[in-house]
Amino acid sequence: MTVKEILEIAYKKLKNAEIETYILDAQIILSYVLKVPKWKLIIEADKKLTSKQQKEFFKLLTLREKRIPIAYILKQKEFFGYNFYVEEGILIPRPETEILVEIVLNKIKDLNNPIGIDIGTGSGAICLSLLKEKTSLLMICTDISQKAVKITLKNAKLLNVEDRVKIIRTDILKGIKATVDFIVSNPPYISREEYETLQPEVKKEPKEALIAEKGGIFFYEEIINQGRDLLRDKGFFAFEVGYNQAQKVANLLTNIGFKTEIYKDLAGINRVVIGEK
Ligand code: SAM
Ligand code: GLN
């Protein structure tokens with residue numbers, strides 16, 4: 001079978017599984033199996049696959065037909081230009097979260113040897129990208145999930161920053177005593193009602209990484225209450241928020257006398273809330 005032939009079959013199969021991005025997904029999987037960049041598939045349309053490659057391709061394609069996210073199938077996801085190892089049980093980092101990283105980097109650019117905390121670190125996407133970009137930074141990151149702690153450590157080693165991060169399994173900030181320059185978090189923020197409306201792919205991700213009580217606002221309240229005394233003077237909170245939560249979260253911060261800023265993502269949605277002490 002040639003590249004062109006196998007792709008035609010794959011498009012049909014993924015289309016039948018009601019996957020909107022069937023062309024892209026089939027090409028991503030094939031380029032992974034053949035270990036060539038996606039654009040090369042077009043100029044190598046007549047190239048024949050070995051039987052081993054065909055077998056591997058159809059194995060992965062079947063997973064995609066079952067609506068398993070591509071990142072879980074390939075066990076990797078690019079975030080902020082870095083490659084993160086991911087697997088089932090870990091939230092797949094989202095492109096909109098890159099904005100949160102950019103904003104934090106901008107706010108700490110003039111600080112010498114800053115220290116930060118990332119709550120609910122997941123794959124380590126936020127925390128480890130910050131460490132890669134700011135070489136004098138030290139980070140503490142927490143997650144309640146044992147798997148997240150394990151994978152973040154793995155990614156810290158892959159990205160060569162493990163000597164500047166402490167990864168702790170705990171509930172939000174329990175047991176952490178430190179004075180820090182900032183606390184960043186992309187916590188679970190989806191309400192139970194909204195969860196039901198999500199795509200099948202998102203439902204393959206851990207519920208504990210997505211759902212938050214109090215209509216999605218629970219973690220912001222807790223992080224602000226538990227974290228405000230850990231922030232030094234002029235220290236700040238940096239939160240990713242859901243599409244309708246920015247004002248609510250900003251109010252929680254102004255209520256305790258913090259100065260707030262709201263930033264939009266590329267889709268024009270209020271996505272990041274900063275609160276400065
Ligand atoms: N920071 C990662 C990112 O942006 O890709 C993952 C964010 S995910 C939306 C939320 C994370 O919070 C999950 O990894 C989940 O395990 C973690 N989490 C849930 N409840 C928690 C708790 N009580 N304390 C600490 N982490 C928690
Ligand atoms: N942005 C994610 C989604 O829409 C939610 C991440 C979160 O709850 N922090 O699936």
Side-chain angles (χ1 to χ4, degrees), residues 67 69 71-72 76-80 82-104 116-131 139-156 165 167-176 183-227 238-246 249 265-267 269-273:
R67 306 296 297 259
Y72 286 160
Q76 63 187 37
K77 177 73 187 181
E78 196 206 292
F79 180 85
F80 218 82
Y82 301 107
N83 232 338
F84 284 80
Y85 173 86
V86 292
E87 60 180 43
E88 267 169 90
I90 295 291
L91 189 102
I92 300 164
R94 307 286 203 264
E96 58 267 32
T97 307
E98 293 176 338
I99 291 157
L100 178 63
V101 174
E102 241 165 68
I103 292 166
V104 171
I117 304 177
D118 175 23
I119 301 172
T121 200
S123 60
I126 297 171
C127 159
L128 303 178
S129 302
L130 289 171
L131 288 169
M139 288 293 296
I140 298 168
C141 43
T142 78
D143 206 293
I144 196 135
S145 146
Q146 184 66 54
K147 192 163 204 181
V149 166
K150 195 180 108 193
I151 303 281
T152 296
L153 181 62
K154 184 182 171 96
N155 280 321
V165 61
I167 306 161
I168 301 169
R169 183 183 184 195
T170 190
D171 181 6
I172 306 183
L173 283 166
K174 210 175 259 169
I176 293 181
I183 294 175
V184 63
S185 186
N186 170 22
Y189 56 63
I190 294 175
S191 67
R192 285 194 183 273
E193 300 76 60
E194 202 187 331
Y195 180 81
E196 296 311 321
T197 69
L198 297 176
Q199 288 289 314
E201 279 81 358
V202 183
K203 289 187 176 160
K204 299 282 192 299
E205 296 185 87
K207 264 190 183 169
E208 316 75 64
L210 293 165
I211 298 178
E213 299 303 334
K214 296 200 174 174
I217 223 82
F218 171 81
F219 283 95
Y220 302 110
E221 287 184 357
E222 282 301 312
I223 293 171
I224 292 168
N225 280 337
Q226 296 178 30
F239 293 122
E240 176 173 323
V241 297
Y243 71 95
N244 56 359
Q245 293 172 328
V249 175
D265 66 16
L266 297 175
I269 295 167
N270 288 333
R271 187 58 72 192
V272 171
V273 177

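Keep in mind that the numbers below use all heavy atoms, side chains included, and drop hydrogens, waters and symmetry copies. Ligands are counted one by one from 1 in listed order, and the atoms in each one are counted from 1 as well.
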For ligand 2, run through the N/O pairs with the protein that fall under 3.5 Å and put one pair on each line.
| from | atom 1 | to | atom 2 | distance (Å) |
| --- | --- | --- | --- | --- |
| ligand 2 | 1 (N) | Y189 | OH | 3.2 |
| ligand 2 | 8 (O) | Y189 | N | 3.2 |
| ligand 2 | 9 (N) | N186 | OD1 | 2.7 |
| ligand 2 | 9 (N) | P187 | O | 2.7 |
| ligand 2 | 10 (O) | R94 | NH2 | 2.9 |

Contact check, side chains of I172 and P187, non-hydrogen atoms, under 4.5 Å: no
Contact between T152 and D143 at the side-chain level, heavy atoms closer than 4.5 Å - yes or no? no
Do I167 and C141 have side chains that approach each other closer than 4.5 Å (heavy atoms only, starting at C-beta)? yes
Tell me the salt bridge (Lys or Arg N to Asp or Glu O under 4.0 Å) pairs involving residues 197-207, sequence neighbours left out? R64-E201, R67-E201, R94-E205
Inter-residue atom distance F84.CZ - I151.CD1, 0.5 Å rounding: 12.5 Å
Got E208 and I144 here, is their nearest side-chain heavy-atom distance under 4.5 Å? no
Please give the N or O to N or O pairs under 3.5 Å between ligand 1 and the protein, distances rounded to 0.1 Å.
| from | atom 1 | to | atom 2 | distance (Å) |
| --- | --- | --- | --- | --- |
| ligand 1 | 1 (N) | G120 | O | 2.8 |
| ligand 1 | 1 (N) | T121 | O | 3.3 |
| ligand 1 | 4 (O) | N186 | ND2 | 2.9 |
| ligand 1 | 14 (O) | D143 | OD2 | 2.7 |
| ligand 1 | 16 (O) | D143 | OD1 | 2.6 |
| ligand 1 | 23 (N) | D171 | OD1 | 2.7 |
| ligand 1 | 24 (N) | I172 | N | 2.8 |
| ligand 1 | 26 (N) | I144 | N | 3.3 |

Taking ring-ring contact (aromatic ring centres under 6.0 Å, His included) as the cut-off, I'd like each qualifying pair that reaches into residues 185-224, sequence neighbours left out, listed once. Y220-F239
With the side chain counted from C-beta on, respond yes when L130 and V101 share a heavy-atom pair under 4.5 Å apart, and no when they do not. yes
Within a 6.0 Å radius of atom NZ on K150, are there more than 12 heavy atoms belonging to other residues, nucleotides or ligands? no
